[in-house]
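Taking it in order: structure first as structure tokens, then the write-up.
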Amino acid sequence: MGIGGKLNMESSTVSEVNLAALVSVCSQCSEQIGVRIMHITSITRRLGMAAITLVATAAASLGIATPEAAAAPARDPILFVHGWQGSASNWDYMWGRFLNAGYSADEMARFSYDSSQSNKDIAVEVKAQVDSLRAKTGAAKVDIITHSMGGLNSRWYLKNLDGLGFVDDWVSIGGPNHGTDAANGCADASCVEMRVGSAFLTELNSTDETPGRVNYGTWWSPCDEIINPDESTILSGAANTRTLCLGHLALLSSSPVFEGVRDFVK
């Protein structure tokens, strides 16, 4: 072989070696670049998570509500419970006044029930109404405003149907909480329970007339022709308010009574 051919072979060999080295170097560079890209991606993700955490912490410290917290009602919704032989329409005046005070119809509920049945059975209906109102509004607790016998079945719900944890404020307007002589003239199961000294009232008022952490308030009139004695409405442990000389139904359309109740459930 001549010198020229030998040189060509050596040149070819050198080129192949250089090419292999170059490929090896590029391969190593690619691996290093890939590792660095993965490292950068990891850092970016960590920074992103840190930023989210920082924003959430700052929002909490500034009192900015999350969407879930913002959905919670600003005040307790109200359930109205009428009395013996009454109906949901008994609350027309107060319903309208609460609307004018800024409440929406979705924040309130009223219903009619068969008042001849036992207050224990009506209490089951009260429980269902409370559960429904809480589910509709997302509220943890409700306020209950009652008239006459509505105070008895709602108290039974509080005391005996696990209602204490779901009610914030409870109001009795002209309620026969210790019975009334007027109940002696009827024979309905609920009337028998409203008689002074009945087994139902004895059990309801035993141990503690205002149990739990519920805020209890009563409004009673010295001129109530249905609640005899007038002071029957008063409960131990409650905020008891004597009204002006008002009749049993007139209590529901009295502006001073409404204003007092409105302020009590705020």
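- The two residues I145 and I78 have their closest heavy-atom pair at CD1-CG2, 3.7 Å.
- Closest of all the heavy-atom pairs between S221 and L244 is OG-O, 3.4 Å.
- The distance between the ring centers of Y113 and H82 falls below 6.0 angstrom.
- A pairwise comparison of heavy atoms in A189 and Q117 identifies CB-C, 4.1 Å as the closest pair.
- With a 4.5 Å cut-off on side-chain heavy atoms, L249 and H147 count as touching.
- Residue D208 qualifies as enclosed at atom CG: its count of foreign heavy atoms under 6.0 Å is above 12.
- Looking only at side-chain heavy atoms (C-beta outward), D224 and L246 stay at 4.5 Å or farther from each other.
- Side-chain contact between N184 and V196 is absent, with no heavy atoms from C-beta onward closer than 4.5 Å.
- Taking OG from S253 and CG from D92, the interatomic distance works out to 11.0 Å, rounded to the nearest 0.5 Å.
- A 4.5 Å side-chain heavy-atom check between V192 and S198 finds every atom pair outside the cut-off.
- Partners of I234 according to the side chain to side chain contact (heavy atoms under 4.5 Å, CB included) rule, which considers only residues two or more places apart in sequence or in another chain, are W220, E231, N240.
- Counting only residues at least two apart or on different chains, the disulfide bond (SG atoms under 2.5 Å apart) pairs with a member in residues 203-266 are C223-C245.
- For the atom pair CD (E203) and NZ (K159), the distance works out to 7.5 Å, reported to the nearest 0.5 Å.
- Scored by the side chain to side chain contact (heavy atoms under 4.5 Å, CB included) test, D188 finds W84, S116, S190, C191 as partners (sequence neighbours excluded).
- Looking at heavy atoms from C-beta onward, I144 lies in side-chain contact with V130 at the 4.5 angstrom threshold.
- Connection of W156 to Y216 is established within a shared hydrophobic cluster, with ILVMFWY side chains joined at heavy-atom distances below 4.5 Å, either directly or through further cluster members.
- Side-chain atoms of N177 come within 3.5 Å of backbone N or O of T233 as a donor-acceptor pair.
- Under the 4.5 Å side-chain criterion, counting only non-hydrogen atoms from C-beta, S254 is not in contact with T243.
- One hydrophobic cluster, built from ILVMFWY side chains closer than 4.5 Å, holds both V81 and M194.
- Within the 4.5 Å cutoff, the side chain of M94 has no heavy atoms near those of the R262 side chain.
- Proximity of a side-chain donor or acceptor of S236 to a complementary backbone N or O of T210 within less than 3.5 Å is not detected.
- Follow the hydrophobic side-chain contacts under 4.5 Å out from W170 and you never reach F258; the two are in separate clusters.
- Here F80 contributes atom CZ and D143 contributes atom CG; the two are 9.5 Å apart, rounded to the nearest 0.5 Å.
- Rounding to the nearest 0.5 Å places CG of D76 at 11.0 Å from CZ of R134.
- Contact of the L164 side chain with the D162 side chain is not registered, since no non-hydrogen atoms from C-beta on lie closer than 4.5 Å.
- For R195, the salt bridge (charged side-chain N to carboxylate O under 4.0 Å, His left out) test picks out no residue, with sequence neighbours left out.
- Hydrophobic clustering (ILVMFWY, side-chain heavy atoms < 4.5 Å, transitive): V214 and V126 are in one cluster.
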Step-by-step side chain to side chain contact (heavy atoms under 4.5 Å, CB included) determination, L235 to R155: CA-CA 11 Å; L235 288 172; R155 285 179 62 206; 3.7 Å; yes
Test side chain to side chain contact (heavy atoms under 4.5 Å, CB included) applied to W219 and V257, step by step: CA-CA 7 Å; W219 275 257; V257 171; 4.3 Å; yes
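- A donor-acceptor contact closer than 3.5 angstrom links the side chains of R97 and S255.
- Distance check: Q129 CD to L79 CG gives 6.0 Å after rounding to the nearest 0.5 Å.
- Cluster annotation: V265 and M108 are assigned to the same hydrophobic cluster (Ile/Leu/Val/Met/Phe/Trp/Tyr, side-chain heavy-atom contacts under 4.5 Å, transitive).
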So T218 and T241, side chain to side chain contact (heavy atoms under 4.5 Å, CB included) or not? Walk me through it. CA-CA 6 Å; T218 75; T241 303; over 6 Å; no
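- Looking at T180, its side chain does come within 3.5 Å of a backbone N or O of N228 through a donor-acceptor pair.
- Shown here for M149 and I122, the closest heavy-atom pair between the two residues is CE-CD1, 3.8 Å.
- For the residue pair G83 and S115, the shortest heavy atom distance occurs at O-CB, 4.2 Å.
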Criterion side chain to side chain contact (heavy atoms under 4.5 Å, CB included) on L252 and Y93, from CA distance to verdict: CA-CA 7 Å; L252 295 179; Y93 174 79; over 6 Å; no
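- R75 is linked by a side chain to side chain contact (heavy atoms under 4.5 Å, CB included) to Y103, E107, counting only residues two or more places apart in sequence or in another chain.
- In terms of heavy-atom proximity, F166 sits nearest to Y157 at CB-OH, 3.8 Å.
- Rounding to the nearest 0.5 Å places NE2 of H178 at 10.0 Å from OG1 of T202.
- Other residues sharing a hydrophobic cluster with I227 under the 4.5 Å side-chain heavy-atom criterion for ILVMFWY residues are I226.
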